[in-house]
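Reading through the structure tokens given below for one structure.
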Amino acid sequence: DAVDIANLHQLSLACQAAGIKVIVVGAGVDIEIMDINYNMRKPYQELATNTGGGFHNTTDVSNIVNLIQNACGTSSL
């Protein structure tokens, strides 16, 4: 609900201030929550995107490696 969105927004701001990039994987990234304006949002995708991280709805190792590489700005680990 709107409280969850507000809490994730605060987490996003804290991560941004600390230079932390969030990566979210798994089916939860596709969860939609209605905000106070009755708009459906995907707050976990927003958290990842707003911090410069990334997200994917699977936990496949190759996707996770790609997310880490993209977040770190490197093509190989």
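Values in this document were obtained by computation on a predicted structure and should not be read as measured data.
Rounded to the nearest 0.5 angstrom, M40 CE and I31 CD1 are separated by 10.5 Å. Taken to the nearest 0.5 Å, the CD1 atom of I36 stands 11.5 Å off from the CG atom of D1. One finds the OH atom of Y44 at 5.5 Å from the CD1 atom of I33 (value rounded to the nearest 0.5 Å).
In this structure, the side chain of S12 does not engage the main chain of L8 through any donor-acceptor pair within 3.5 Å.
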Pairs under 3.5 angstrom only: tabulate donor-acceptor contacts from the side chains of residues 18-29 to other protein residues two or more places apart or in another chain.
residue: K21; atom: NZ; partner: A71; partner atom: O; Å: 2.5

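Hydrophobic clustering (side-chain heavy atoms under 4.5 Å, transitive across Ile, Leu, Val, Met, Phe, Trp, Tyr) keeps L67 apart from F55.
The minimum heavy-atom distance between A48 and G54, with the atom names listed, is CB-O, 3.2 Å. In this structure, K42 and D30 approach most closely via the heavy-atom pair CE-O, 4.0 Å. Residue R41 comes nearest to D35 through the heavy atom pair CD-OD2, 3.1 Å, listed as atom of the first residue, atom of the second, then distance.
Counting only heavy atoms from C-beta outward, the side chains of I5 and M34 never approach each other to under 4.5 Å.
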| request: Give the intermediate values and the outcome of side-chain contact (heavy atoms from CB on, under 4.5 Å) for residues N7 and Q10. | output: CA-CA 5 Å; N7 288 335; Q10 290 300 317; 5.5 Å; no
| said: For a side-chain contact (heavy atoms from CB on, under 4.5 Å) check, start with the C-alpha distance between Q16 and N50, then their side-chain angles and the critical distance, and finish with the verdict. | reply: CA-CA 8 Å; Q16 290 174 50; N50 291 342; 3.8 Å; yes
